[in-house]
K.L.:
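A single structure is presented below for examination.
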Amino acid sequence: MDRAPAVITAPVTNAAAPAAPEPPPLRPRHRLTAWAAGLLLTVPALISACRILDTDGITPVPQLLSMLPWLAVPAGLGLLLAAVARRRTLTVLAVLVLGAVGWSSLPYMPQLVTAYGLPLARVRVLAANVEFGQGTEALVDTIRRERPQIVFASECDRACGHALTTAFAAELPHHASVDADGSVGSVLLSAYPLTDERVVPATMGMPGATTKIAGKSVRLQLAHPMPPLPGQIGPWKQELGRIEDVAAARRHEPLLLAGDFNASQDHAAFRAILEAGRLQDAARLARVSRTPTWPAEGPLPLFVQIDHVLVSEDFSVRSIRFLDIDGSDHRAVLTDLDLRGER
């Protein structure tokens with residue numbers, strides 16, 4: 001018997017490619033992680049942007065700029081959470097923010113190489129804030145031990161000023177001061193005669209004078225502007241601007257500008273002082289510009305350097321040390337300098 005031929009039918013295929021599956025929705029736990037990462041990145045992104053754009057902005061930017069290097073902690077944690085949440089865009093953003101914090105935390109100016117002349121004199125400079133005079137006794141002990149030729153004492157009230165000028169009437173017989181109570185008082189002590197005493201107008205005392213060291217006229221200026229408290233950013237910038245004017249007016253005269261600047265290397269107003277007077281921070285020259293000087297007491301650890309010794313190109317830095325002053329919330333800055341001759 002003949003069989004009917006078998007009919008083979010090819011399977012029907014759909015010519016169109018199957019649609020790509022929809023990405024699974026972000027699970028609630030991952031969504032919360034992503035939000036947490038975004039929140040952690042907000043402040044580091046804002047503050048590093050202000051640093052890169054060279055602006056101090058308004059509250060709370062000036063206060064948070066003091067903590068710039070420490071913002072790498074929330075930025076790094078934000079990067080970790082973004083990776084855990086598996087959000088590529090957020091992870092890339094976190095990498096950029098962490099990189100911006102790191103880049104903006106680099107030293108604020110190059111360590112310039114200057115062709116100095118022969119050394120004319122070695123000068124030891126001490127800058128100390130004694131917090132309403134509470135650190136006076138410790139400062140007296142420090143001066144006796146370290147024997148500086150020039151002392152810049154901030155928040156040195158009337159009792160503090162009297163104690164210093166009496167204790168060092170022989171070693172540091174010359175002084176310029178703002179005699180006042182509390183944080184307003186300040187004293188500049190010198191082993192060298194002082195002339196042309198002038199005070200920079202400010203809320204707290206900022207005396208200055210001219211001296212001669214190894215036959216060269218040197219301008220000395222104590223710095224102690226207002227701190228950048230909320231609601232006081234305007235006066236803080238204004239008083240730092242007056243210090244900038246002093247730096248700009250020095251022309252060819254050697255300048256030592258030291259004290260509690262209430263500003264760190266991350267504040268644009270502080271960097272403007274350096275640029276105006278072609279000055280350098282002694283701590284930067286000694287490669288210790290991130291050594292903190294405040295707050296030396298209280299619940300917070302030391303986290304920012306706001307006490308500085310700034311020098312013109314007439315000086316080279318031999319060494320710098322940061323000293324604890326009992327009773328004060330600041331560490332003192334002790335700097336050994338060489339005053340140089342013509343190049």
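All residue numbers refer to positions in the sequence shown, counting from 1.
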K.L.:
Hey, does K212 have a side-chain heavy atom less than 4.5 Å from the side chain of P193?
P.N.:
no
K.L.:
Could you check whether R321 pairs with D336 (Lys NZ or Arg NE/NH1/NH2 to Asp/Glu carboxylate O, under 4.0 Å)?
P.N.:
no
K.L.:
So does R290 pair up with D266, basic N to acidic O under 4.0 Å?
P.N.:
yes
K.L.:
Any link between W103 and V61 through a network of hydrophobic side chains (Ile, Leu, Val, Met, Phe, Trp, Tyr) touching at under 4.5 Å?
P.N.:
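In one cluster with W103: V61, no.
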K.L.:
Give every residue pair that meets the disulfide bond (SG atoms under 2.5 Å apart) criterion with at least one member in residues 127-236, sequence neighbours excluded.
P.N.:
C156-C160
K.L.:
Taking side-chain hydrogen bond (donor to acceptor under 3.5 Å, both in side chains) as the test, write out the residues that go with D245, two or more places apart.
P.N.:
none
K.L.:
So do L164 and H175 actually touch side chain to side chain, heavy atoms under 4.5 Å?
P.N.:
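No - every pair of side-chain heavy atoms lies 4.5 Å or more apart.
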K.L.:
Verify whether the ring centers belonging to W35 and H30 lie closer than 6.0 Å.
P.N.:
no
K.L.:
If we count only N and O atoms by modelled type, under 3.5 Å, do the side chains of S312 and R278 hold a donor and an acceptor together?
P.N.:
no
K.L.:
Apply side chain to side chain contact (heavy atoms under 4.5 Å, CB included) to the pair L337 and R318, showing each step before the final yes or no.
P.N.:
CA-CA 6 Å; L337 305 169; R318 298 180 64 89; over 6 Å; no
K.L.:
So, are R271 and D54 salt-bridged, with charged N and O less than 4.0 Å apart?
P.N.:
yes
K.L.:
Output yes when R331 and D324 qualify as a salt bridge under the 4.0 Å nitrogen-oxygen rule, no when they do not.
P.N.:
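Here R331 pairs with D324 in a salt bridge, since their nearest N and O are under 4.0 Å apart.
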K.L.:
May I ask you to decide whether E146 forms a salt bridge with R124, counting only side-chain N to carboxylate O separations under 4.0 Å?
P.N.:
yes
K.L.:
Under a single-linkage definition using a 4.5 Å side-chain heavy-atom cutoff for Ile, Leu, Val, Met, Phe, Trp and Tyr, are L68 and V43 assigned to the same hydrophobic cluster?
P.N.:
yes
K.L.:
Less than 4.0 Å between a side-chain N and a carboxylate O, is that true for R158 and D181?
P.N.:
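Salt bridge: yes.
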K.L.:
Can you list every ring-ring contact (aromatic ring centres under 6.0 Å, His included) pair that touches residues 123-143, not counting sequence neighbours?
P.N.:
none
